[in-house]
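Single-structure report; data block below.
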Amino acid sequence: MQSLTTSAANHALEGLAPPAQVLESDVLAGECFHCGTPLRGADFSSQGKSFCCRGCLTVFELLTENGLADFYRFGRAAGVRAKAVPKEEEFSYLDDPVLRRRLVDFADARMTRVTFRVPSVHCIACVWLLENLFRLKPGIGYSRVNFPRREVFITFENAGVKLSEVVALLTSLGYAPDFNLSDLEERPRFPVSRRLWLQLGVAGFAFGNIMLLSISSYLGLDAFSGPGLRKMFGYISLALAAPAVIYSAADYWRAAWLAVRRRIITIDVPIAVGIAALTGWSATEVFTNRGPAYFDSLTGLLFFLLCGRMFQQKTYDRLAFDRDFKSFFPLSILRKSARGEERISLEQLRAADRLIIRNGELIPSDSRLVSGPAMIDYSFVTGESEPVAKVAEDHIYAGGRQIGGAIEIETVKEVSQSYLTSLWNQETFSKEKNGTIHTLTDRYSRRFTRIVLAVAVGAALFWAWRDSTRALGAFVAVLIVACPCALALAAPFTLGAAQRILARRKVFVKNPSVIETLARVDTVVFDKTGTLTAPGAGAIVFWGEPLDTDEQGRIRSLAQHSTHPLAARIAQSLQGEQPAQPVRSFSETAGCGIEGIVAGHELWMGSAEWLRSRNVAPPGAPAASGSVVHVAVNGHYRGRYTLTDALRPEADKLIRKLSAACHLALLSGDNEKERARFEDLFGAAGRLHFNQSPRHKLNFIRDLQAPGRTVMMVGDGLNDAGALKQSDVGVAVVESIGAFSPASDVIMSASMVPRLHEVLRFAKSSVRVVRLSFLISALYNLVGISIAARGLLSPVVCAILMPLSSVTVVACACGLTAWHGGRLDVATSLNEGTRP
Amino acid sequence: MIVIFLLIPLSIMTAAIFLAGFIWAVRSGQYEDTCTPSLRPLMDENTKKDEKAKE
């Protein structure tokens, strides 16, 4: 549940990086004392404890020196692995007055208050450490953590500490604050929920007190006292209800007014009409001295409605994960100027700036390569996982990621005009989907409102003919009793409960209406990489004369020196007992291969063309699918590695189950190497498309939608962000929740992918529960209206009927959804049981 | 029964004081995070025990 709100530019990068942690088979015994990462040999130790990296060791020493060793008593391996010990000047751009003013909450001459989002806060030890920051650095005053929001609030003295130092300290501890461009835009000072709490409090106060007064009048107040008391009770109730009607119901008034102005009927309209009828009629009764009238029903109604809203808000708060493309980009960039290198914020970036891009950093805007051979990974933009080699003077598009050494580039355009931004700014990306689809509740309420109005008018006409004094009373009574409180509660409670149940299984749904859409899905489109195939988990096979352990060790030693994803995977697959050997005269030719001398043997690893250019002839073209790396030792051909992406376990079963109910399609940015395998998997009905750019994917989805299909797109959310947004339900599959989550309707842990069909089925049952709740509330309304239309509605009947209907509907909604959720659980555990 | 005319305003005033308390609590941000404060007592105790142990 936690880390939906979590992403940082650097986290994002980590999520993108070729996963170094996937192969866990080579884990040596033991784990890091600080962060629990399994140790892999070359570890660091201090005071008899082992650590996985220098960063963890440093944090451990820092904590023990400052008397914060308690940190380790809150839980085993409670720490967070710090990516790297940051350099002080790395954050110096934060001290820029303009940027600083936008980031801090408050600052005067002496003190500064600032709130950071810290996604990596995950346990009580983190909270404790962050609240004891003052012990680590003099000058930091008070720090408080808001755990559910993953925020830390810090005050510090301007004299002793700089903002950049605070950030550097947090980063060195592993709690890197989440900065991105959207931080620099205005954010609301106070969350919406504070206002909702107040509205709820006022409504509850009025409800409770009016109820006390009303009960006495239901039980025959006049028997003991004169009419004076009844009059007083009436006026007190009116006085208590007034703030509830004016303040607590304010949102309903506003929403209903908006709906009326736009000439549509939403659920807010009948609610507002009901509240207005209740208020007007009750006030009339009070002024004509007939007692406290319906004020108890009125305030009770408001109270229940606001409880429903609060539930919805709470669910939404926990799962909020709206984010725009800007969070992909780093906040700062290293600029080379006449005065040397300086860190600037992305906002200050201008055309024709010289930038230094280090390994793993994103190209922030369209640029020209000035120096250094570059290997650009465009998986962000094109979906092709193999990096592209670039030489000086080449044009580099924004969104690429440099792999290897540092390069120097000159920007051609400013950030806001670049290719990636324009791709993201396409109309589909900014379109609000909720504006176009009508939610279940709204569709029902339209029908409902018409029927109620017809019945009310009918009743009024009937009584006008029979007994004209009762016409108005019957008309208002129908409006009062038909106020669709239960109807309004059914969907938020059912879908909110469904959202929570899914979130517990690591499927995070953006908002309740997404569940409604999920239930209607009839076409499922998969993006290959990262969804059906698991990155890095594939087979690595060596073809040729088998290698002995010495040779394997030498190949590993060489491959380790390269950051190329293929080399990294080969090196990982060969992780063995022998220590890495030193490599002499290592060189890497971008796009070709790597070479070096290990233990007296000269090793070449790379593409066939490259080896051919060195007079080593690899045998005929390989038939196997996947990427190929050829190996030559001392100028003689030795063999080749083939690397394939493996299908996720149970992917075949999933496809089989889904194809029974939905149309299926596969999109891939990769080439057609693996077409045959997926044709087997998807069968004849599946549509397979390879070599798809993000724009192709987007258009494909649009074409599917044209004949009215409801399309679900499942992707990793990087190179198919456009398609995710265009589809009716965009599902982003992430390997580790909390590392990185792109803009989408649903974020799903990779482990849940094989159970996608169960998620769809659960969504369908949830919507059925909503429909059932509507039916129950309609039955109650039928009873109420039939009483009201006969002119028999009394305050007591109203006071019993309205809360009763709400409570039944809520109980039924939550209970049934939990039951369906339980079935999801059973199915899940069965699946786990059968897995080898 | 005349005493009712006194008691009811009194009771409502008492309730209003509680309402005012609630409004103050919401405005001072106590409802923003209902989770972390529940963790703090556990941590304080831990540290205190430690200090005692050192003494």
Need one label for A:Asn146: side chain, backbone, both or neither, based on atoms under 4.5 Å from any heavy atom in chain B. both
Scan the side chains in residues 298-311 of chain A for donor-acceptor partners under 3.5 Å anywhere in the protein, sequence neighbours excluded, and list what turns up.
from     : atom 1 : to       : atom 2 : distance (Å)
A:Thr299 : OG1    : A:Phe295 : O      : 2.8
A:Thr299 : OG1    : A:Asp296 : O      : 3.3
A:Arg309 : NE     : A:Tyr252 : OH     : 3.4
A:Arg309 : NH1    : A:Asp251 : OD2    : 3.3

In Å and rounded to the nearest 0.5 Å, what is the OG1 to CG distance from B:Thr14 to A:Asn209? 9.5 Å
Just wondering, more than 12 heavy atoms not from A:Tyr235 lying within 6.0 Å of its OH? yes
Between CD1 on residue A:Ile236 and CD1 on residue B:Ile8, distance to nearest 0.5 Å: 5.5 Å
In short, B:Leu19 meets A:Gly201 closest at the heavy-atom pair CD1-O, 3.8 Å
Are B:Val26 and A:Arg195 close enough that some pair of their side-chain heavy atoms sits under 4.5 Å apart? no
Among A:Leu240, A:Leu212, A:Val127, residue most engaged with chain B (heavy-atom pairs, under 4.5 Å): A:Val127
Sorted by chain and number, sequence neighbours left out, ring pair (Phe, Tyr, Trp, His ring centres under 6.0 Å) with B:Phe22 holds for B:Tyr31
With rounding to the nearest 0.5 Å, note down the distance linking CD1 in B:Ile23 to CH2 in A:Trp197. 14.0 Å
Considering all heavy atoms, the nearest A:Arg194-B:Arg27 contact: NH1-O, 3.0 Å
